[in-house]
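Letters A, B, ... are given to chains in the order of the sequence lines, protein chains preceding strands, and every chain is numbered from 1.
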Number of protein chains: 2
Amino acid sequence: MNVSDLCLGTLYLSDCTGYEIKKLFEAAFSHFHTAGFGSIYPALNKLAKAGLVEVRTEAGEGKPDRKRYSITEEGKAVFLLSLTQTEPGEQLKSDFQVILFFSHLMPTERLRQVVEQMETAYQHKLGYLRSIVEMECHSEGVRLGINIGIASISARLETLKKHKHKLLANHKEPPQCDLSSL
Amino acid sequence: MNVSDLCLGTLYLSDCTGYEIKKLFEAAFSHFHTAGFGSIYPALNKLAKAGLVEVRTEAGEGKPDRKRYSITEEGKAVFLLSLTQTEPGEQLKSDFQVILFFSHLMPTERLRQVVEQMETAYQHKLGYLRSIVEMECHSEGVRLGINIGIASISARLETLKKHKHKLLANHKEPPQCDLSSL
DNA sequence: GGACTCATGTAAGCTGTTACATGATTTC
DNA sequence: GAAATCATGTAACAGCTTACATGAGTCC
């Protein structure tokens, strides 16, 4: 499942412009997938070339022109096929956990900062997820996805809160390293 | 934090061969980072060229020759700098959640399969994490990282178990799509 | 006047995956 | 005899990020 597939899937639900797809990605997928304009626009052009989507240009009054994309029947078939054939999997990339892994090499003060930042980040994410789960327009699958996200982040936050004191209290200041040559 | 940084960090802890680094990655980082030989070997060569690690070749008796890498003082300084400057962040890429998001477009039977696969995958991951947290060699930071992983996966699994019946019971078989032309 | 939103796109580059190539030894 | 483990590496490709380019309108 790459950006191209996600664009096709989004267009299955409703016609969109590239800009709207980006906004939708942020609102709907941001807790399990990300994508920038630099990958969305080329993906849409590629899909159009392959005949999986169709484009029509709308003249913007006072605003820039927009290209509105619709999925074709072939596009629908391709998306359904890749959806059913995709193996479910999850992969986390956590710089926070890397930092924890090597935390004994870090100054205590920086470690404290990092922990605090992460707590705040978790709280923000939770707030966001709780705000969207309350909306009543979700399908059962979407709702489950959000609930899994909430439970997961909530558990991470609680574990961090519970153990951070031990981490910081037992932390030994590492010997300073010579950075003058860099 | 890329593969190159992680190699450097691993070599900070002890001298290793590329092959050993891969094994260590699997054992220690696999729940928050992955890397294959195709990125580790080039990374080590790059680090050697930059003077951040040193190599010596060991003749293998009955086994292939090995290249053992050690970090240099400059390498240590570079790693400590990038460790303290890295902003803590986490990013999930979940094809499972994508499937859930579009689950109303999938055949019920496939959805049931996907949910079961994911349950098993979570259980395996939990088993693995619980087996390593019991070892007593971990630093406080490493232990916290593992505990966060356990809490997180555990929460995901429980949420899935709790809501999957509702998901499957309310699921409507979507109209079949014409796949003959593909 | 500056920042932000709307709107689309390109190009360079970084990073990583996958497949291939080699080859000996050990285990089933 | 087949498969797995040990051991290193390259080359092609896929995929995404970042920065740049353009330009009008709106809000403070």
Side-chain angles (χ1 to χ4, degrees), chain A residues 1-8 10-11 15-27 29-30 32-50 53 55-69 82 86-87 89 91-95 98, chain B residues 1-8 10-11 15-27 29-30 32-50 53 55-69 82 86-87 89 91-95 98:
Chain A
M1 284 279 152
N2 51 27
V3 173
S4 181
D5 294 324
L6 257 348
C7 286
L8 202 52
T10 305
L11 293 173
D15 292 0
C16 286
T17 67
Y19 195 85
E20 286 167 352
I21 288 180
K22 173 80 198 304
K23 297 293 132 186
L24 264 170
F25 272 34
E26 278 165 19
F29 302 150
S30 64
F32 58 85
H33 225 289
T34 57
F37 287 124
S39 39
I40 291 172
Y41 286 124
L44 287 170
N45 288 327
K46 207 192 70 187
L47 289 170
K49 257 183 209 162
V53 302
V55 206
R56 58 182 183 287
T57 304
E58 295 174 349
E61 296 126 30
K63 288 180 180 178
D65 287 0
R66 287 179 298 183
K67 289 185 176 179
R68 188 162 297 277
Y69 293 86
S82 73
T86 296
E87 290 304 311
Q91 201 182 311
L92 178 68
K93 208 201 141 189
S94 169
D95 280 351
V98 172
Chain B
M1 283 278 152
N2 52 27
V3 173
S4 181
D5 294 324
L6 257 350
C7 286
L8 202 52
T10 305
L11 293 173
D15 292 1
C16 286
T17 67
Y19 194 84
E20 287 168 351
I21 287 178
K22 174 81 198 305
K23 297 293 131 185
L24 263 170
F25 271 36
E26 279 166 17
F29 302 148
S30 64
F32 57 85
H33 226 290
T34 56
F37 288 124
S39 39
I40 291 172
Y41 286 124
L44 288 171
N45 288 329
K46 207 192 71 187
L47 289 170
K49 255 183 209 163
V53 301
V55 205
R56 57 182 185 285
T57 305
E58 294 174 349
E61 296 127 31
K63 288 181 179 178
D65 286 0
R66 286 179 298 182
K67 289 186 178 182
R68 188 162 297 277
Y69 294 86
S82 74
T86 296
E87 290 304 311
Q91 201 181 310
L92 178 68
K93 209 203 142 186
S94 171
D95 280 351
V98 173

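Separating the CG atom of A:Asp65 from the C1' atom of C:dG9 is a distance of 14 Å, rounded to the nearest angstrom. Rounding to whole angstrom units, CZ of residue B:Phe25 and C1' of C:dT17 are separated by 15 Å. A:Leu47 has its CG atom 12 Å from the P atom of D:dG15, to the nearest Å. A:Asp5 has its CG atom 14 Å from the C1' atom of D:dC16, to the nearest Å. For the pair A:Arg66 CZ and C:dT8 C1', the computed distance is 13 Å after rounding to whole Å. Rounded to whole Å, the distance from NZ on A:Lys22 to P on C:dC6 is 11 Å. Taking atom NZ of residue B:Lys46 and atom C1' of nucleotide C:dG13, one finds them 13 Å apart after rounding to whole Å. One interatomic measurement links the two molecules: CD1 of A:Ile40 to P of D:dT18, which rounds to 14 Å at whole-angstrom precision.
Contact annotation: A:Ser39 reaches the phosphate of D:dT17 (side-chain N/O to OP1 or OP2, under 4.0 Å). Between C:dT17 and B:Thr34, a contact under 4.0 Å exists linking OP1 or OP2 to a side-chain N or O.
Within 4.0 Å of B:Gly38, counting heavy atoms only, lies at least one base atom of the nucleic acid.
Using a 4.5 Å heavy-atom threshold, the side chains of B:Leu47 and B:Tyr69 count as separate. For the pair A:His33/B:Lys93, a side-chain contact is recorded, criterion being any heavy-atom separation below 4.5 Å from C-beta on. Between A:Arg66 and A:Tyr19 there is no side-chain heavy-atom pair separated by less than 4.5 Å. For the pair A:Leu11 and A:Ile21, the minimum side-chain heavy-atom distance is below 4.5 Å.
Of the candidate nucleotides D:dG9, C:dC6, D:dT8, C:dC6 has the atom lying nearest to any side-chain atom of A:Tyr19. Counting only heavy atoms from C-beta on, B:Asn2 has its side chain closest to C:dG16 among C:dG16, C:dT8, D:dT8. Between C:dT8, D:dT8, C:dG16, one nucleotide has an atom nearer to the side chain of B:Tyr41 than all others, and that is D:dT8.
Of the two residues near DNA chain D, B:Thr17 and B:Lys93, the one whose nearest nucleotide lies more 5' is B:Thr17. Nucleotides of DNA chain D nearest to B:Lys23 and B:Pro42 differ in position, and the one nearer the 5' end is that of B:Lys23.
Below 30°, between 30° and 60°, or above 60°: for A:Tyr41 and A:Phe37 the angle between ring planes is below 30°, a parallel geometry.
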